[in-house]
Every structure is written in C-alpha cells, then in structure tokens.
Colleague: 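I have a structure I would like to understand better, so I am pasting it below and will then ask my questions one at a time.
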Amino acid sequence: MRLKGERVLYVSGSDEHGTPIEVEALRLKVPPRKLTDENHAKVKELFDRWHISFDNYTRTESPIHVEFVRDFYLKVYRNGYVFTREEELPYCPKCRRFLPDRFVQGVCPRCGYPEAYGDQCPTCGAPLDPRELGSPHCTICGSTPEVRATKHWYFDLPSFTEKLEKYVEGNPRLPENARNFSLRLIREGLKPRSLTRDIGWGIPAPFPGAEGKTIYVWMEAVLGYISATIEYFRLRGEEERWREFWFDGARVVFFIGKDNIPFHTIILPALLMATGEGYELPWTVSSTEFLMFEGKKFSKSQRIGVWIDEALEMFPADYWRYTLLSIRPEVRDTNFTWELFLEKVNSDLNDTIGNFVHRALTFLCKYFNCRVPAPSTLDDYDRRMLEEIEKAKKEFDSLLHQMRIQQAVQVVADLLRKANKYFNDKEPWRGGVQASSTLNVSMRVVAALTVLLEPLIPETAEALRKQLKLSLAEALEKPVEGLEVEKPKPLFRKISREELAEKGGAEAGVTPQDVAKLGLRVARIIGVEEVPKARKLYKLRLDLGGGLTKQTVAGLKEYYSPEELLGKLVVVVSNMKPAKLMGVNSEVMLLAASEEGKVAILVPEKPVKPGSRIF
RNA sequence: AGCGGGGUGGGGUAGCCAGGUUAACCCGCGGGGCUCAUAACCCCGAGAGCCGUGGUUCAAAUCCACGCCCCGCUACCA
C-alpha cells in the first residue's frame, strides 16, 4: 500500500505488563523493568533484521502510552461506563498480596477437582469465583489465603452489546473466523470486564480511590496501537496528526492470530465507543489460523520451532519470508516442514523466479550488451505476455487488499512460470528480429518483479533493482527500453539436504547418531515418593550405575502403586535438560507406552546393570 | 468434556461465504523436448470426483442435518 502511495502507518509494540512478568522478576530478584528493557531491545532489533517495516515499534512502558491509557480510562469513567464492586478476594498473608486468577487453587465446587484455579476449573470448565474453592492455597507459597475485602473497577461491556452486534454484523470485511466467533460471544452475553488488579507492575489506575491498583494488562495493551500512533507523530513534532489515523475515515487494520480476535472485534471497539469521541472502529482484522511446526504446535518451553534470531543465522530472511508467506494460515491451520522449506526455496524462489531473472539478464548481456532493446514488432504472443504482466499486477494488488497474501505469492510465481514458458517458446537464442521483442517483454517481467517482490521479500527486490540500476521510484515508472543492467548475479541459491542438516534443520528420518544423541539408558528405581498436591505425579529416585543417581517426575500415579515401581529396571533418557514440574526438579525422562486409559513402562527383557546404554 | 477450525489425487495448498462447462496450482512420479539460463527451463501423461450417510436443488467439493476422524484453546502430557 505504501508503494501505491497510500498513507500508511504501521505500528506495534511490546506488551510488557502482567503477572507472569512480575512473578518472573520476583523469581530472578530483578526489577521487572529490567527484564522488559532487555526483551524490548532484542525484539525491536529483530524486527529490523527481518525487514518488518514498522513505522513505530513501541512498548507499553512508554510514558506516552501510560499517560494515554490513564486519560483514556478517565474519559470512559466520566462517561459512566466504569463501576466498582466490593469483593472479597483471597489474600495471601505470607506473600502480602491478593491472589487473582491463577494465583489461587483449590477444590472445584462443581466437580470436586482438587486443583481448580481461581477463575476456572480446568476439568469441568466451570467459570469460578475464587471464594467458592474448597481448601484454597496460594500457588506461589502454598499457604492458605484469608479472604479480604477489596474494591475493583469494571468496564461496563454489556451496555455495548447491541452496538457491537450491529458493528460486527455490519462489517462485511471481517473474515469468517472473526465474525462467527465474535457474534457467538456477543449473543451468549457479554460480561463486565474487570479493569483493575491488585498488583504492582502495570499502569496505575487513574480512577478516584483506586490508588495502589493497576490496569489489567489486557485492557491496556490494546490501546497501545493508538499510543504508538501518537508517539510516532509526537517524535516528529506533529502533535495532532495522529488523529488522521484514528478518526474521520481512517482505516484501522489489525494483523492477529485467531486467539486474539475478541480483543480486537469486541473489547477494543467497545472501549473506543465508550469514549464517545468518534474513533474509527477497526475496518477489518486479518486474523489467521495457526501455523504449526512439523505437525506440532510451537512451544517455547519445549523448544519446538525455530527461533527467529537463529533462523537468520541459517538462511536469509527472504527465504523464510517467502516460505512463511506462501503458507500463511489464511484459511486453515498450516504446517511448516523442512521439506516444504526446501521445496519453496529451491523450486519456487531459485528455479522459477531466480532462474528466469538470471536467464533473461544473462541473455541480455550476451546478445544485447546488457542494454534492453526496443521491441522490433510485437506479435500476438508478445502482447499476450504483456497482458499477463498487467493482469498479475492487478490481481496482486487486489489480493493484498483482501489480505490474501498467500495467494498473492502464488500470482507472482505463476507469472514467472508463464514467463519461462514464453521464453522457451520464443527461442530467442535462435536469433532473428523477434529476439529483441522477446527480450524487451522478458525484461518487463523482471522490472515488474522489482516492485512485486518489494512487499514480500524486500532484500531481494532491492538486490534486483540494483542489478537493473533502478531506484524504487524509478522502478515504479520508468520504461525498460534502453535500460543498462549490471552483469547478473544469481538472486538465490539452492539449499541441499546436507546443508540443511548441518545447519540444524531436522531432516525427515532419524540416523543412528540421532538415536545415540538421546542418551537412552537403563536405570533402577530406588525410591518412589508422592509429589505434594499433584494428582498424577510421582517423584522417582533412579540409580544410573556407577554411583550416579538422578531424580525424575513421572505421571504414573494413576497407573502404578509405589510398590510396583520400586526396584524395577526401566528405560530413561538420561541427558534431558532439567525441568521443573509442580516445583519438583526432573532430570531424566522415563519412557512408557500409552494408549487410551492405559500406561505401560518400558523394562529390559532380562536383567542388565543400571547405566547400560541402549541402541 | 466445553468452545473454535478443519477433513479435496502420493505429499502440500486453493476453490466452499455469493452452487453450474473436462475439480485448479506446486512438489513428487513416468515419458519427451530445448540448450539462452543456477543439473535449470518447457511439453505430454498417469493419478482425486472432493471423510461417510441422508436431504435441498434442474444442478453440490460448494447449502442443510446427522455420524466418524483430525487439529487448536483450556492442563501436573518428564
């Protein structure tokens, strides 16, 4: 859109508040701000290196954001959409804090599940009030909380029900997943959303009498889009211009995953309505499904996925960008596999796109002295090819406007396939007057690429323009005739399976070395203990031979008694990275087979010494 | 369990909301062509009738109902 000369402002930011960060900071005994400072700097730098062209990437600790949020909620408050409730909430005398949401556990009053959370029971799904929990305890220190009265501020979401329904229904641009999900939530009945929390890390609530409370992170972070806009213009000394992007016909578009839909289609619009100031409501959201990694969901703790800093050390950003855009989960969940990565890079980028460019440029230099000739005469085929270029540009543009980026990528690749065919059919290497037309037309394809690739793979687009000695502005307008190009260099290179394996991209299929890496060993169970408060877990002491013992936590309590386990020889992965489960250290992993309702631990078929290697 | 989203040739994606000529595209596979290009490129071919069942309709991959299966969110899955 920027290329088309539309006025675009692209903003985002780090969401820095919330209890998890405060708890992590407590654990590390550092101020929370130190954690978020480090993180924000790192993330910001990475966005640059990936050429994600935010105009402003801000953070919720920004003073401008804090000030904006406080003002914003004061307005909402004055308009009568904020009310208070006295509540009795669990308070931990030892930690000297109230225990919101997940910080208190106890017996579920509905199904009797012993470890239900303060806000919801994970087993029966019942939404809970923390006071209903039987024998509650603090999840931080385990002590029994007392009930103390406190006051909380709420946003009157239900009073916007009708307007929201109208908004969602009347916005045909919303993708299906967003519309259906939002309408369901609205029709099921909206509840007031709590605005404040009794925690220290966050934005101080501005309401009279709310000293010491902070704004609930979710209700504040969504406003960051606006404060980021304000900040952008304030830094330029154009104090008021941010309004151009939030009022009077501005089109606000969000790029989010499907898990974030309600915040952008319900809560944010309601908050904007509540100011009564006439903010533009979201024009649309581009809400994708989920991307998976080799069939599994990405997981930070389990290290499933490729870290974006590591990815850049393996391959250029554009290789990733192209692959990821071409499987952007626009219609359904999609799955990244290394196999797919190879296919996209080698076949699409290298063979189809890169090779055509190189082919045309090399030919040009060899037979036309690197100078783009004027066409001799254009025959039907030439004209058809020129039409294809125009058609592709139009489609590309229209698809991007519909946020169908995946298909836009298709259009580019398809155009290049047609171009390859055209070049083949025309056989310019046979010489003849037609050759100049063919090269002229082919170079127009290349010229179109320098622009089409810009939003998808900007580094490559830039490199290509350099070979054509074109600036971005010239690429948009200048005709190709007479253009003198540099001696061509390939834009991409293929990735071999060997290279991929070396760089750590898992290959399909496991080698004996991979198995050896697992460190499978026999161990003897020499101690079984229950883990306090855990329904399924045992703490096991294991003899790994040579005087070495390790401990593990295993989910076997429902299937084995301590007596059955004690003394058994079992199979373990001995070189696991230690992890904590229910606060208990687990250093190895015990292997067991499982099927529905049944678990069987693996044991050696005849006695061997603990510590024996397994191949 | 509850809530969302799905099941389309061997693999991967689109098409479904706005039903309608031989179900599209990429990879892979079999055969052939070209030699300008990065062992690239081009052509031909085999291969699915769109999870199942029933319905609506002149007409359904596309709409409706039921069933089966998958995936995400919610978890102490070591």
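Worth saying up front: this structure is predicted, and the values here are computed from it rather than measured. These numbers come from the heavy atoms of this one structure, side chains and all, not from hydrogens, waters or symmetry mates.
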Colleague: Just compare C42(B), A14(B), C34(B) and give me whichever is closest to any side-chain atom of Arg430(A).
Modeller: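 Closest nucleotide to the Arg430(A) side chain: C34(B).
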Colleague: Under 4.0 Å from OP1 or OP2 of G15(B): is there any side-chain N or O of Arg404(A) that close?
Modeller: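 For Arg404(A), the contact criterion (side-chain N or O under 4.0 Å from OP1 or OP2 of G15(B)) is met.
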Colleague: Which nucleotide in the set G11(B), C42(B), U38(B) lies at the smallest distance from any side-chain heavy atom of Glu343(A)?
Modeller: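 Closest of the options to the side chain of Glu343(A): G11(B).
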Colleague: Reckon Phe423(A) touches a base, only the sugar-phosphate, or nothing at all at heavy-atom distances under 4.0 Å?
Modeller: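 Since a base atom lies under 4.0 Å of Phe423(A), the category is base.
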Colleague: If you pin Arg493(A) and Lys421(A) to their nearest nucleotides in RNA chain B, which one's is more 5'?
Modeller: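 Mapping each residue to its closest nucleotide by heavy atoms, the 5'-most match is Arg493(A).
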Colleague: Using a 4.0 Å heavy-atom cut-off, does Pro490(A) contact any base of the nucleic acid, only the sugar-phosphate backbone, or nothing at all?
Modeller: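 It contacts base atoms.
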Colleague: So what does Lys366(A) touch, heavy atoms closer than 4.0 Å: a base, only the sugar-phosphate, or nothing?
Modeller: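 Since only primed, P, OP1 and OP2 atoms lie under 4.0 Å of Lys366(A), the category is sugar-phosphate.
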Colleague: I'd like the P distance from U56(B) over to G15(B), given in whole Å.
Modeller: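 After rounding to an integer number of Å, I get 29 Å for this pair.
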Colleague: Select base, sugar-phosphate, or nothing to describe what Asp351(A) touches, counting heavy atoms under 4.0 Å on all strands.
Modeller: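 Sugar-phosphate, no base atom in range.
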Colleague: Nearest to the Arg417(A) side chain among U13(B), C42(B), C36(B), which nucleotide is it?
Modeller: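 The closest nucleotide is C42(B).
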Colleague: Quick check, are the ring centers of Phe423(A) and Phe363(A) under 6.0 angstrom apart?
Modeller: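 Yes, the ring centres sit under 6.0 Å apart.
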Colleague: Which part of the nucleic acid does Arg328(A) contact within heavy-atom distance under 4.0 Å: base, sugar-phosphate only, or nothing?
Modeller: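 Here Arg328(A) touches no strand at all.
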Colleague: Considering only NZ, NE, NH1 and NH2 on the basic side and carboxylate oxygens on the acidic side, decide whether Glu387(A) and Arg384(A) come within less than 4.0 Å.
Modeller: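 Arg384(A) and Glu387(A): not salt-bridged.
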Colleague: Just to be sure I understand the rule, does Glu427(A) reach a base, reach only the sugar-phosphate, or reach nothing, if contact means heavy atoms closer than 4.0 Å?
Modeller: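 Nothing, no nucleic acid heavy atom in range.
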Colleague: Side chain of Asp348(A) only, please: which of C41(B), C26(B), U13(B) is the nearest?
Modeller: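 Closest nucleotide to the Asp348(A) side chain: C26(B).
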Colleague: Indicate, with yes or no, if the rings of Tyr367(A) and Trp429(A) have centres closer together than 6.0 Å.
Modeller: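 No - the distance between ring centres of Tyr367(A) and Trp429(A) does not fall below the 6.0 Å cut-off.
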Colleague: May I ask you to evaluate whether Gln406(A) reaches the phosphate of A14(B), defined as a side-chain N or O under 4.0 Å from OP1 or OP2?
Modeller: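 Indeed, a polar side-chain atom of Gln406(A) lies that close.
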Colleague: Please name the residue in the list Val409(A), Ile457(A), Leu456(A) that meets the side chain to side chain contact (heavy atoms under 4.5 Å, CB included) test with Arg321(A).
Modeller: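 Only one of Val409(A), Ile457(A), Leu456(A) forms a side chain to side chain contact (heavy atoms under 4.5 Å, CB included) with Arg321(A), namely Ile457(A).
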Colleague: How close or far is atom P of C41(B) from atom CG of Asn346(A), stated in whole angstroms?
Modeller: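 One finds 11 Å between P of C41(B) and CG of Asn346(A), rounded.
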Colleague: Round to a whole Å and report the spacing from CH2 of Trp338(A) to P of G12(B).
Modeller: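 Trp338(A) atom CH2 is separated from G12(B) atom P by 18 Å.
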Colleague: Using a heavy-atom cut-off of 4.0 Å across all strands, would you classify Asn420(A) as base, sugar-phosphate, or nothing?
Modeller: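 Sugar-phosphate contact only - Asn420(A) comes under 4.0 Å of backbone atoms but never of a base.
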Colleague: Taking the side chain of Ser347(A) as its heavy atoms from C-beta onward, which of C27(B), C25(B), U35(B) lies nearest to it?
Modeller: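 The answer is C27(B), which lies nearest to the side chain.
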Colleague: With both distances under 3.5 Å as the test, what is the Watson-Crick or G-U wobble partner of C63(B)?
Modeller: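 The base-pairing partner of C63(B), which may sit in any strand shown, is G55(B).
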Colleague: Which part of the nucleic acid, if any, lies within contact of Leu491(A), taking any heavy atom under 4.0 Å across all strands shown: a base, the sugar-phosphate backbone alone, or nothing?
Modeller: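 The residue Leu491(A) makes base contact.
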Colleague: Give the C-alpha distance, both sets of side-chain angles, the deciding distance and a yes or no for side chain to side chain contact (heavy atoms under 4.5 Å, CB included) between Asn346(A) and Phe492(A).
Modeller: CA-CA 9 Å; Asn346(A) 290 345; Phe492(A) 311 102; over 6 Å; no
Colleague: In whole angstroms, how far is the C1' atom of C41(B) from the CD1 atom of Ile353(A)?
Modeller: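 It is 14 Å, rounded to the nearest whole Å.
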Colleague: Under a 3.5 Å cut-off for both contacts, is U35(B) paired Watson-Crick or G-U wobble with anything, and if yes, with which nucleotide?
Modeller: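 When the pairing criteria are applied, nothing turns out to pair with U35(B), so the answer is none.
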Colleague: Kindly point out which of C25(B), C34(B), A14(B) is positioned nearest to the side chain of Trp429(A)?
Modeller: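 Nearest nucleotide to the side chain: C34(B).
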Colleague: Could you tell me the separation between the CG atom of Leu416(A) and the P atom of C42(B), rounded to a whole number of Å?
Modeller: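 Answer to the nearest Å: 10 Å.
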Colleague: Between Arg444(A) and Asp382(A) (salt bridge meaning N to carboxylate O under 4.0 Å), is one present in this structure?
Modeller: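 Answer for the salt bridge query: no.
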Colleague: Please state how far atom CZ in Phe341(A) lies from atom C1' in U13(B), giving the value in whole angstrom units.
Modeller: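 Answer to the nearest Å: 18 Å.
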Colleague: Gln410(A) has an atom CD; how far is it from atom P of U13(B), in whole Å?
Modeller: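 From Gln410(A) CD to U13(B) P: 12 Å.
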Colleague: Partner of C29(B) by Watson-Crick or G-U wobble geometry, both contacts under 3.5 Å, or none?
Modeller: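 C29(B) is paired with G45(B).
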Colleague: Using the C1' atom on both, measure A59(B) against G19(B) and round to a whole Å.
Modeller: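 So the two C1' atoms sit 8 Å from each other.
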